Amino acid sequence: MAFVTRQFVRAMSSSSAASAAAKKIMVKHVTVIGGGLMGAGIAQVIKTPMTSQKTFESLIDFSRSLGKHPVSCKDTPGFIVNRLLVPYLLEAVRLYERGDASKEDIDTAMKLGAGYPMGPFELLDYVGLDTTKFILDGWHEMDAKNPLFQPSSSLDKLVAENKFGKKTGEGYYKYK
């Protein structure tokens with residue numbers, strides 16, 4: 001999502017691509033800031049080089065008025081939440097692909113060992129494997145040498161088979 005002032009421009013995207021979308025908006029006298037509201041009670045507010053301090057502070061105040069806790073970081077793919085979450089999910093997939101642990105044991109370990117409400121494979125299926133692949137492909141295109149952004153063979157295979165997770169009845173797990 002990109003926010004602008006003085007002129008209305010609508011650019012909808014996930015937080016993983018929001019900063020890229022904001023950079024593409026080149027309108028004279030427009031202040032651009034990236035951000036996104038998260039269901040967990042936070043609002044990620046990103047100050048880009050084109051964002052005035054006044055606009056940034058206004059978005060912090062606006063986030064608070066919505067009952068959200070604003071958090072801020074530099075303009076980076078995925079901001080805070082998805083920048084940490086997607087590599088975590090993909091490392092779980094790589095652990096599984098290498099045969100180091102089953103997806104069931106990885107999910108159980110993260111739920112019981114780390115106190116997460118869902119394991120990474122459950123979360124991948126819930127979010128949608130197509131959505132995760134879309135994010136990962138975009139990040140890989142931006143930074144192909146980053147080991148965190150490398151494609152996953154099992155993810156690619158499942159998406160090619162239209163197995164996107166819960167929404168299609170099958171992903172890493174079957175839901176029928």
Side-chain angles (χ1 to χ4, degrees), residues 1-93 110-111 114-152 155 159 164-167:
M1 178 182 309
F3 303 95
V4 299
T5 61
R6 295 193 187 140
Q7 182 172 343
F8 179 76
V9 178
R10 185 174 175 190
M12 293 296 293
S13 69
S14 70
S15 64
S16 65
S19 60
K23 289 176 185 172
K24 290 179 183 177
I25 300 170
M26 300 304 284
V27 181
K28 191 174 182 179
H29 304 298
V30 174
T31 303
V32 179
I33 126 176
L37 297 176
M38 304 295 291
I42 67 167
Q44 296 182 100
V45 183
I46 313 310
K47 185 176 180 187
T48 72
M50 299 176 285
T51 309
S52 72
Q53 187 62 30
K54 182 179 178 181
T55 300
F56 178 75
E57 290 169 5
S58 293
L59 264 294
I60 294 289
D61 292 341
F62 176 69
S63 299
R64 287 187 179 118
S65 76
L66 296 175
K68 300 289 185 172
H69 183 95
V71 296
S72 178
C73 80
K74 291 183 179 181
D75 189 8
T76 184
F79 307 143
I80 297 170
V81 175
N82 285 336
R83 182 61 186 255
L84 293 172
L85 180 62
V86 172
Y88 154 73
L89 295 173
L90 268 293
E91 183 56 25
V93 170
M110 293 311 295
K111 288 188 292 188
Y116 289 6
M118 281 190 237
F121 291 95
E122 293 168 323
L123 185 54
L124 281 160
D125 280 353
Y126 179 79
V127 167
L129 303 184
D130 55 330
T131 301
T132 303
K133 180 176 169 25
F134 177 79
I135 293 167
L136 185 62
D137 288 350
W139 290 3
H140 181 69
E141 186 177 317
M142 289 184 336
D143 188 2
K145 293 182 181 181
N146 190 327
L148 298 175
F149 304 161
Q150 296 307 303
S152 155
L155 179 65
V159 170
F164 302 152
K166 283 193 155 194
K167 62 185 162 187

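Along the sequence shown, the residues carry numbers beginning at 1. Computed from a prediction, not measured in an experiment: that's the story for all the values here.
Residues Pro70 and Arg64 are in side-chain contact: their nearest non-hydrogen atoms beyond the backbone lie under 4.5 Å apart. Side-chain contact between Pro87 and Trp139 is present, with heavy atoms from C-beta onward closer than 4.5 Å. Using a 4.5 Å cut-off on side-chain heavy atoms (C-beta onward), Lys167 and Thr131 make contact. Inter-residue side-chain proximity for Val93 and Phe121 is flagged as met; some heavy-atom pair is nearer than 4.5 Å. Between Val159 and Thr132 there is no side-chain heavy-atom pair separated by less than 4.5 Å. Val127 places none of its side-chain heavy atoms less than 4.5 Å from the side chain of Leu89.
In this structure, Leu148 CG and Leu136 CG are separated by 10.0 Å, a value rounded to the nearest 0.5 Å. We find the CZ-CG distance between Phe164 and Leu155 to be 10.5 Å, quoted to the nearest 0.5 Å. Put simply, CD1 on Ile60 and NZ on Lys47 are 10.5 Å apart, with the number rounded to the nearest 0.5 Å. Within the model, atoms CZ of Phe79 and CG of Leu84 stand 13.5 Å from one another, a figure rounded to the nearest 0.5 Å. Distance check, rounded to the nearest 0.5 Å: OG of Ser65 to CG of Leu59 gives 10.0 Å.
Counting non-hydrogen atoms of other residues, nucleotides and ligands closer than 6.0 Å to CD of Gln53 gives a total above 12. Residue-environment remark: OH (Tyr126) stays at or below the threshold of 12 foreign heavy atoms within 6.0 Å.
Of all the heavy atoms in Thr76 and Arg83, the pair that sits closest is OG1-NH1, 2.6 Å. Nearest heavy atom pair, residue Ser152 against residue Leu90, reads CB-CD1, 3.7 Å.
For Ala144, the side-chain contact (heavy atoms from CB on, under 4.5 Å) partners at least two apart in sequence or on another chain are His140. Residues passing the salt bridge (Lys or Arg N to Asp or Glu O under 4.0 Å) test with Asp143, sequence neighbours excluded: none. Not counting sequence neighbours, Gln150 has no partner by the side-chain hydrogen bond (donor to acceptor under 3.5 Å, both in side chains) test.
A side-chain donor from one of Thr51 and Thr48 sits under 3.5 Å from a side-chain acceptor of the other.
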